[in-house]
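When a ligand or atom number is given, it counts from 1 through the structure's own listing order. As the structure is a computational prediction, the values presented were derived from the model and not from experiment.
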Amino acid sequence: MKSKAIEILNNNWRNGFTVPSENLYPFQWKWDSGFTAIGLAHFNMGRAKKEISTLLDAQWENGLIPHIIFHTKSDTYFPGADFHCSNLHPKASKKYKSTGMSQPPVTGFVLQELYRISKDKTAILQYIESVIDKVYKNHNYLYENRDPKNEGLVYIYHNWESGTDNSPVWDTIFERMDSPEFKFNRKDTLHVDASQRPSHQEYNHYLQIIEIAKKYAYDDAKIAKHSPFLVQDPLFNTVLIKSNESLIKLYKLIPNSEKKIKQLKNWQNKAINRFNEKLYNQELKAYIYYDLRADKAIKEITSSSFAPIFAKIPSKKQVEELTQNLMQNFASDDYYLCASYNPKSSKFNPKKYWRGPVWVNLNWMLYKGLKEYGYQEIASQIKKDTLEIVQQEGFYEYFDPRKKEYTKPRSKAYGGENFSWTAALVLDLLNEN
Ligand code: 2M8
């Protein structure tokens, strides 16, 4: 399994960065890049560093790190740089074409992972010193521009910023939108069966939100006022909090960092308190989403509802409730951990992208968090489930959570093949003692 994972990462390497999956995703994606660097670090630290440096090189002058960096031309993906027109923003990267939105800010905790994995702590610390301020600047951008009510929680303005693109959570937002019918040719469905991808109507909404952002030249304050999609997402905020914590730990190893540590701690305290106050739902015993445009909570349980375990956000009581919920509703004897959407809901679709399938990056985060809290048994089950489905099906993008399907001969793995973060994170799990 290890050698296959390395082979995939080698094949997906493109002279400075890794594509998530050939043809389906032919550019550099922000959070994919971070997860991939963790895998690369196990066999080629130079490449792991290069992956992160390339990503950070595309940072905008205002601190935003874009969600896609279009390093090369490709006609296998839509929408490309010409649709996004991110150069409408005066502080967009002049060096690279990119989208005008971001993705979960993984880079902080990824640097800490590189430090953990590296055998040469002096050399890796030297590297971290050379890039860490860019990551800090990214967090500063988020708190200054994505938190209009100064709550300590940042918003996302597009479902693509969440990383969980077509989660049923966004349905109520799209129902409120009156998006036009765009004329475009889908490219994703040339590579993957349409039943495993978002619908055409959903793409109309995705494109419409971008059109609105373009109308305001990607200005954050105007987006906060006018975007039909404005959400405090538990996953995005979890990742930011986890990365804050990593930056604090790493800055402690770097001289003259007191001011930044102080600021990070301020962000962190405020964020964790507000997160628990606003996003923990006592009745559902899970973290939920907040729709800032409608000014109300979206009470849905997804794998993101458990993600705060990764950043030590829940109290002991909350983590007990969360794990009971996870085991009762998402595990039982019938499902592999962890479905991306509540398997007991009528909208659960075990094959369709973020509406049900298991994703390795979410499993990896849950595994790490549960272990830290001392839930060794559930953590081990997540690791075992992850390795079992990949072993049986291959390094796919997402997997069917229904165990009984695995007794049948047809494929239970969906989306892109030879998927980079699946390979990278499986490699990380396999390299653990
Ligand atoms: C998926 O999203 C892209 C748009 O960003 C797409 O469907 O075209 C998501 O799973 C996202 O989380 C991921 O980063 C990206 C590349 O793997 O693919």
**Student:** Quick test of your reading of the structure: of Tyr25, Tyr77, Tyr206, whose heavy atom lies closest to atom 4 (C) of ligand 1?
**Tutor:**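 Comparing heavy atoms across Tyr25, Tyr77, Tyr206, the nearest one to atom 4 (C) of ligand 1 lies in Tyr77.
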**Student:** Among side-chain atoms of Asp233 and Ser162, is any donor-acceptor pair under 3.5 angstrom?
**Tutor:**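 Their side chains do not contain a donor-acceptor pair, so the 3.5 Å distance test is not met.
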**Student:** Ion pair present between Asp400 and Lys352, side-chain N to carboxylate O less than 4.0 angstrom?
**Tutor:**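 Looking at Lys352 together with Asp400, the answer is no, because their closest N to O distance does not fall below 4.0 Å.
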**Student:** A side-chain contact here means heavy atoms from C-beta on lying under 4.5 Å apart; do Asn204 and Phe174 qualify?
**Tutor:**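 A side-chain contact under 4.5 Å is absent here.
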**Student:** With a 4.0 Å cut-off, would you call Asp75 and Lys187 a salt bridge?
**Tutor:**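 No salt bridge links Asp75 with Lys187.
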**Student:** Any atoms of ligand 1 less than 4.0 Å from a non-hydrogen atom of Trp359? List them with their elements.
**Tutor:**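 Once the distances to Trp359 are compared, the set is 10 (O).
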**Student:** Return the residue, atom name and 0.1 Å-rounded distance of the protein heavy atom closest to atom 1 (C) of ligand 1.
**Tutor:**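 Ranked first by proximity to atom 1 (C) of ligand 1 is Tyr353 OH, 2.9 Å.
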**Student:** For atom 17 (O) of ligand 1, which protein heavy atom lies nearest, and how many Å away is it?
**Tutor:**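 Looking at atom 17 (O) of ligand 1, the protein heavy atom closest to it is Asp32 OD2, 2.7 Å.
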**Student:** Test your reading of the structure: does Trp160 have an N or O sitting under 3.5 Å from an N or O of ligand 1?
**Tutor:**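 No.
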**Student:** Regarding Arg355 and the six-membered ring of Phe348, is the cationic atom NZ or CZ under 6.0 Å from the ring centre and inside 45° of its axis?
**Tutor:**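 Negative - Arg355 is either too far from the ring of Phe348 or too far off its axis.
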**Student:** Check each heavy atom of Lys30 against ligand 1 and say whether those closer than 4.0 Å belong to the side chain, the backbone, both or neither.
**Tutor:**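 Neither part.
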**Student:** Atom 12 (O) of ligand 1: which protein heavy atom is closest, and how many Å away?
**Tutor:**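 Going atom by atom, the protein heavy atom closest to atom 12 (O) of ligand 1 ends up being Gly163 O, 2.6 Å.
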**Student:** Show me which atoms of ligand 1 lie under 4.0 Å from any heavy atom of Phe419.
**Tutor:**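 Within the 4.0 Å cut-off of Phe419, ligand 1 contributes 17 (O).
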**Student:** Do Tyr414 and Glu397 have a side chain donor and acceptor closer than 3.5 Å?
**Tutor:**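 Judged by distance alone, the side chains do not pair up.
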**Student:** Just jot down the ligand 1 atoms closer than 4.0 angstrom to any heavy atom of Gln103, in number order.
**Tutor:**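 Answer, ordered by atom number: 11 (C), 12 (O), 13 (C), 14 (O).
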**Student:** Just which atoms of ligand 1 are under 4.0 Å from any heavy atom in Trp31?
**Tutor:**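 Atoms satisfying the 4.0 Å criterion: 11 (C), 12 (O), 13 (C), 14 (O).
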**Student:** Pull out every atom of ligand 1 sitting under 4.0 Å from any heavy atom of Arg197, numbered as shown with elements.
**Tutor:**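 So the answer, numbered in order with elements, is 6 (C), 7 (O), 8 (O).
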**Student:** Can you pull out the closest protein heavy atom to atom 2 (O) of ligand 1? Residue, atom name and distance to 0.1 Å, please.
**Tutor:**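 Nearest neighbour among protein heavy atoms for atom 2 (O) of ligand 1, to 0.1 Å: Asp165 OD2, 2.6 Å.
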**Student:** Please name all residues satisfying side chain to side chain contact (heavy atoms under 4.5 Å, CB included) with Lys278, sequence neighbours left out, ordered by chain then number.
**Tutor:**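 Lys278 satisfies side chain to side chain contact (heavy atoms under 4.5 Å, CB included) with Glu151, Leu153, Gln232, Arg274, Tyr290, Leu292 only.
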**Student:** How far is atom 5 (O) of ligand 1 from the closest protein heavy atom, and which atom is that?
**Tutor:**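 Protein heavy atom at minimum distance: His67 NE2, 2.7 Å.
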**Student:** Is it true that, when you exclude Asp178 itself, more than 12 heavy atoms of the residues, nucleotides or ligands shown sit nearer than 6.0 Å to its CG?
**Tutor:**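 Atom CG in Asp178 is not crowded, with 12 or fewer foreign heavy atoms closer than 6.0 Å.
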**Student:** Can you tell me which residue and heavy atom of the protein come closest to atom 10 (O) of ligand 1, and the distance to 0.1 Å?
**Tutor:**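 The answer is Trp354 NE1, 3.1 Å.
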**Student:** Could you tell me whether Phe184 and Phe78 have their ring centroids closer than 6.0 angstrom?
**Tutor:**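 Phe184 vs Phe78: aromatic centres under 6.0 Å.
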